[in-house]
2 protein chains.
Amino acid sequence: MARTVKGPDARRERWKGHREQRRAEFVEATIAVVAKKGPDVGMEDVAAEAGVSKPVLYRHFTDKSDLYLAVGQKATEVLMERMGPALAAEGSIRDRITGIVDAYLSVIEENPNLYRFVVKGSFADRPVEKDVVAEDKNLIAATLARILGDYLRAFDMDSGGAEPWAHALVGMVQNAGDWWLERQTMSRANLSDYLATIIWHALDGLLRSAGVEIDPATPLTPLRLVD
Amino acid sequence: MARTVKGPDARRERWKGHREQRRAEFVEATIAVVAKKGPDVGMEDVAAEAGVSKPVLYRHFTDKSDLYLAVGQKATEVLMERMGPALAAEGSIRDRITGIVDAYLSVIEENPNLYRFVVKGSFADRPVEKDVVAEDKNLIAATLARILGDYLRAFDMDSGGAEPWAHALVGMVQNAGDWWLERQTMSRANLSDYLATIIWHALDGLLRSAGVEIDPATPLTPLRLVD
DNA sequence: AAGTAACCGTTACCTCAAGTAACACTTACC
DNA sequence: GGTAAGTGTTACTTGAGGTAACGGTTACTT
């Protein structure tokens with residue numbers, strides 16, 4: 001009895017969650033070993049950190065770039081979690097922009113090696129197609145583009161520029177952050193403020209040129225969150 | 001007679017220029033083979049393209065990253081040559097910004113594989129320290145920072161923001177250009193205009209907040225060229 | 001109870017690109 | 001004629017990514 005109704009064989013289902021969990025475990029191991037030994041770790045190091053030999057690792061990831069990709073996604077997730085509150089926060093626009101930028105900077109400041117691993121160590125050998133960072137940046141940029149587009153449409157403006165805008169903003173913050181991370185010649189708060197100023201002025205100019213006036217101190221209710 | 005005054009032995013000097021020329025030759029070969037076979041070429045491919053075997057290549061470059069670096073520098077040189085005129089051009093500020101951005105985009109549009117090789121294929125294996133792209137981006141950013149700083153000082157403004165500004169701008173244009181290059185969903189002119197708009201507004205806002213008013217159509221004599 | 005589908009894990013190997021050793025020949029300065 | 005630079009070759013070493021082949025465990029199926 002029980003289930004003679006059998007789905008395709010319960011032995012197959014038995015592990016469903018387990019595999020996911022195991023992958024996550026290896027991703028954690030990678031992050032740990034990167035934090036310890038710097039961004040130039042190999043598959044063997046990762047396996048060792050997880051207390052296991054290479055083939056086991058390869059049972060869960062087809063490939064180095066597969067692992068790297070997973071790490072990148074995890075990192076993006078962490079990043080998003082940190083930026084989410086800043087995105088949704090109450091307060092003036094100016095302050096919210098600063099908050100978002102600063103959230104980003106604080107994440108890379110706290111995990112410099114992970115950041116380098118994901119951003120620099122990418123491309124996992126051959127295939128330029130399967131770019132690891134690109135995926136993550138695109139995800140972030142897409143999120144941003146959606147938010148921007150919504151706001152533009154809310155003001156009855158052309159939303160065609162939302163995508164280039166989003167990618168421009170992402171690149172701007174990322175590159176400035178990268179520079180800052182390597183030689184820290186100013187405080188984080190300072191940089192956040194500089195970047196937020198640039199963004200704010202650009203945004204203000206854009207709206208102004210469409211005849212929309214906005215006060216930097218206006219709270220401007222969020223249209224929607226990260227979703 | 002002649003020169004019994006001997007410098008350290010003329011046999012050493014004899015090749016001085018030659019080595020430089022040879023390096024340049026290999027750099028050209030790399031660029032050629034990358035254009036032909038895509039950004040994922042190995043040392044053997046490069047050597048073959050130059051009609052020579054690997055060890056010869058290694059006589060002139062200590063290392064893969066050494067070659068990559070040289071290629072990056074050459075590419076940066078080309079880029080600078082193309083952006084130079086746009087930097088120095090007469091015309092309104094707005095137009096000049098557009099010109100500079102468009103010059104950049106046109107270069108990556110014409111050499112997509114070289115661009116990918118330099119930007120993505122970087123990091124030449126292990127050493128994250130010796131980052132290939134970073135060098136070039138820093139060079140460009142430094143040039144920009146100098147120009148910006150000079151202008152800011154000319155207006156008696158705090159020039160401390162010039163460096164972050166420069167890195168922000170570089171990242172912005174680079175990332176937007178990257179996105180555009182992969183999926184060309186808008187015309188180059190269109191993107192140039194969007195980016196120039198962002199930059200112009202940011203710049204305008206910065207000056208405005210310091211009480212300086214500037215007309216986008218003002219020619220604004222260049223303080224100095226690339227130098 | 002026997003079979004089997006999924007996992008656990010190992011050691012020892014293969015592969016391929018980066019980089020090197022060792023060797024031989026050429027040119028022009030000394 | 002000696003030698004310091006360069007020209008070039010084939011054949012090797014190295015190291016990291018990735019695989020083969022083996023054996024053990026668990027819990028579902030028959």
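Numbers restart at 1 for each chain; the letters A, B, ... are given by sequence-line order, proteins then strands.
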query: Heavy-atom contacts under 4.0 Å between residues 23-32 of chain A and DNA chain D, which residues?
result: none

- request: Would you jot down, in residue-number order, the residues of residues 48-61 of chain A having a non-hydrogen atom under 4.0 Å from DNA chain D?
  value: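 Here the set is A:Lys54, A:Pro55, A:Tyr58.
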
Measure from [atom1] on [X] to [atom2] on [N] and round the result to the nearest Å.
X	N	atom1	atom2	result
B:Arg19	D:dA5	CZ	C1'	10 Å
B:His18	C:dA28	NE2	P	11 Å
A:Tyr68	D:dA16	OH	C1'	10 Å
B:Asp63	C:dA18	CG	C1'	9 Å
A:Glu20	C:dC7	CD	C1'	15 Å
B:Leu67	C:dA17	CG	C1'	14 Å
B:Met43	C:dT20	CE	C1'	13 Å
B:Glu44	D:dT9	CD	P	11 Å

- request: May I ask you to check whether A:Phe117 and A:Tyr68 place their ring centers less than 6.0 Å from one another?
  value: yes

A:Ser192 versus A:Leu105, closest heavy-atom pair with distance: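 Answer, listing the atom of A:Ser192 first, then A:Leu105: OG-CD1, 3.5 Å.
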
Are the charged groups of [X] and [Y] less than 4.0 angstrom apart, N to O?
X	Y	answer
A:Glu49	A:Lys37	no
B:Arg23	B:Glu20	no
A:Arg116	A:Glu182	yes
A:Arg188	A:Asp193	no
B:Arg82	B:Glu110	yes

message: When the axes are fitted on five pairs at both termini, how much does the helix from C:dA1-D:dT30 to C:dC30-D:dG1 curve, in 10° steps?
response: 20°

task: Give me the one residue out of A:Val46, A:Thr30, A:Asp66 that meets side chain to side chain contact (heavy atoms under 4.5 Å, CB included) with A:Phe61.
output: A:Asp66

CD/A:Glu44: more than 12 non-hydrogen atoms of other groups inside 6.0 Å: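 At most 12 heavy atoms, drawn from other residues, nucleotides or ligands, come within 6.0 Å of this atom.
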
Residue-phosphate contact under 4.0 Å: B:Arg22 side-chain N/O, D:dT7 OP1/OP2: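 Yes, because at least one side-chain N or O of B:Arg22 sits under 4.0 Å from OP1 or OP2 of D:dT7.
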
